[in-house]
Amino acid sequence: MEASFYEQVFEIARLVPKGRVTSYGAIAKALGAGGSARMVGYAMSNAGIAQPKVPAHRIVNSSGLLTGKFHFSPPELMQQLLEQEGVKVVNDKIKDFKKVFWNPLEEII
DNA sequence: CAGATGACCGAGC
DNA sequence: GGCTCGGCCATCT
């Protein structure tokens with residue numbers, strides 16, 4: 001389909017470095033849609049069919065919680081991928097979230 | 001075109 | 001620190 005809000009979200013998601021994570025709100029803000037954080041999450045629903053694949057496992061909510069892990073198959077895949085990249089995950093949330101947090105605004109500029 | 005939906009966020013208790 | 005409520009807005013039906 002046409003370059004929609006989804007593509008913008010996917011592009012930011014692909015820019016997230018390995019071993020780092022970002023939040024929906026941060027992406028929304030980077031796109032200039034500060035209040036559209038929900039749209040970012042909604043867009044990620046299409047990440048499963050998006051090509052090339054989107055590292056949706058690097059996207060978490062503002063609390064560092066793996067809110068979208070249930071959208072993976074299997075759900076535990078999200079945590080596995082994160083730990084595989086060196087991100088510690090405890091109780092479905094990122095450990096040292098502030099340290100591994102990646103701000104798209106600082107990359108795009 | 002109108003109503004419902006959603007992987008959220010911030011404020012309040 | 002955790003739960004509840006309202007708002008935000010593109011996409012879907």
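Convention: sequence-line order gives letters A, B, ...; per-chain numbering from 1.
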SB check A:E85 A:R20 (cutoff 4.0 Å):
no
Taking A:N103's backbone N and O only, do any of them form a donor-acceptor pair with A:T22's side chain (distance below 3.5 Å, no angle check)?
no
Does any N or O in the side chain of A:N61 come within less than 3.5 Å of the main-chain N or O of A:S63, such that one atom is a donor and the other an acceptor?
yes
Side-chain heavy atoms nearer than 4.5 Å, only ILVMFWY residues, links allowed to pass through others: does that put [X] and [Y] together?
| X | Y | answer |
| --- | --- | --- |
| A:F10 | A:I27 | yes |
| A:L66 | A:F101 | yes |
| A:V54 | A:Y24 | yes |

The contact string for nucleotides 8-13 of chain B, one letter per nucleotide 5' to 3', using protein heavy atoms under 4.0 Å with B, S and - for base, sugar-phosphate only and none, comes out as BS----
Base, sugar-phosphate or nothing for A:A56? Non-hydrogen atoms, less than 4.0 Å.
base
Using a 4.0 Å heavy-atom cut-off, does A:F70 contact any base of the nucleic acid, only the sugar-phosphate backbone, or nothing at all?
nothing
What's the separation between atom NE2 in A:H71 and atom CG in A:L77, rounded to the nearest 0.5 Å?
14.0 Å
With sequence neighbours excluded, tell me which residues meet salt bridge (charged side-chain N to carboxylate O under 4.0 Å, His left out) with A:D92.
A:K69
Assert: residue with more 5' nearest nucleotide on DNA chain C, out of A:K93 and A:F5, is A:K93
Go nucleotide by nucleotide along DNA chain C from the 5' end; which of A:Y42 and A:S36 gets its closest nucleotide reached first?
A:S36
Under 4.0 Å from any heavy atom of chain A: name the first and the last nucleotide of DNA chain C that qualifies, 5' to 3'.
C:dG7 to C:dC12
